[in-house]
Every structure is written in C-alpha cells, then in structure tokens.
Amino acid sequence: MKRLLLPALIMLNACGTPQQQCINSGTRDLRVVDRLIAEAEGNLARGYAYETVTVYETEWVNCTPYPSEAVPNPAPRSCFERVPETSRRPVAIDLAAEQSKLAGLQAKRKSQLRAAAAVVAECKALHPE
C-alpha cells in the first residue's frame, strides 16, 4: 500500500497546467496563512482549541509468510504490531493571545495577498493558457 502511495502523489502533483502549477507554488504560503486564520477563528468561536494526540496500541495482526518454493504452504501466524490511534481532544486556550494571533495572521495575509497578486500575474505572463 505504501509503495502505491508515493507514485500516486507524484502523479497528482504533476496534474494541472504549467500556469496552475506556477500559481499553486507561488501562493502556497497564502493558503497556509488562510488555513491558520480559519483555525484561529474556529478556536475563538468555540472558546477552546483541539489538540491532536497519537497513541500507539498493540494488536494482533496476520504475519503469515508468503508462500515460497521452499515453503509452499506456510503455517498461519499472528504477531503483535504497534498501530497508531489518532484522536482530537479539546484544550484550553488564552482567548486574548488567540485574538492577538488572529490579528497578526490577518495582517500577514494582507501583505501576502499583494505579493500573491504579483506572482499570479507573472505566472499568467510566463504560461499563457
């Protein structure tokens, strides 16, 4: 499964026209700031934040070896494997600090928006569709 994931991601990344790829790479920081703004606004609306916690549990899995010429019918085996369990839990936040963080992110977004407009114009000039 993991071997199939990397080629699929590479193929997805190659999708899009050269203009779209240029715009996407030039506006990546703006998208990150937008995501952080949405998260801060959600935290302020709820009054708390979420924390992602990963705990590793052990469970029995099938680890029977694959058939080979030497052992055409291997005996079934089970073994322990550590499996990640990820969950979100609410955590308290300082609402004043969160509001200050939001204001800083919104100011940063304004400056990045001006820079992104220049990048988009440059990408459209370099790669007309």
Side chains of I37 and L102 in contact at under 4.5 Å (non-hydrogen atoms)
yes
Any pair counted as disulfide bond (SG atoms under 2.5 Å apart), so long as it reaches residues 18-49, sequence neighbours left out:
C22-C123
As an exercise, state the distance from CD1 of I23 to OG1 of T17, rounded to the nearest 0.5 Å.
7.5 Å
Sorted by first residue and then second, give each salt bridge (Lys or Arg N to Asp or Glu O under 4.0 Å) pair with at least one member in residues 101-128; sequence neighbours left out.
D34-R109, E98-K101
Say whether I93 and L36 are linked into one hydrophobic cluster, either directly or through other cluster members, by side-chain heavy-atom distances under 4.5 angstrom.
yes
Quick one: closest heavy-atom pair of P67 and P74, and the distance?
CA-CD, 4.0 Å
When you look at L95 and L44, which way does the side-chain contact (heavy atoms from CB on, under 4.5 Å) test go after all the steps?
CA-CA 7 Å; L95 295 176; L44 287 169; 4.1 Å; yes
List the atom of A116, the atom of L30, and the distance in Å for their closest heavy-atom pair.
CB-CD2, 4.0 Å
Donor-acceptor pairs are to be reported for all side-chain atoms of residues 49-59 against protein atoms at under 3.5 Å, with residues two or more places apart or in another chain.
residue : atom : partner : partner atom : Å
E51     : OE1  : R89     : NE           : 2.8
E51     : OE1  : R89     : NH2          : 2.9
T54     : OG1  : T86     : OG1          : 3.3

Listed once per pair and sorted, the ring pair (Phe, Tyr, Trp, His ring centres under 6.0 Å) pairs that draw on residues 99-129, sequence neighbours left out
none
Could you grab the distance from atom CG of L105 to atom CZ of R35, nearest 0.5 Å is fine?
11.0 Å
Any N62 side-chain heavy atom under 4.5 Å of S78 side chain:
no
D94: which residues meet the side chain to side chain donor-acceptor pair (under 3.5 Å) condition with it, sequence neighbours left out?
none
Of all the heavy-atom pairs spanning Q112 and D29, show the shortest one and how long it is.
OE1-O, 3.5 Å
Not counting sequence neighbours, list each pair that qualifies as a ring pair (Phe, Tyr, Trp, His ring centres under 6.0 Å) and has a residue in residues 61-107.
W60-F80
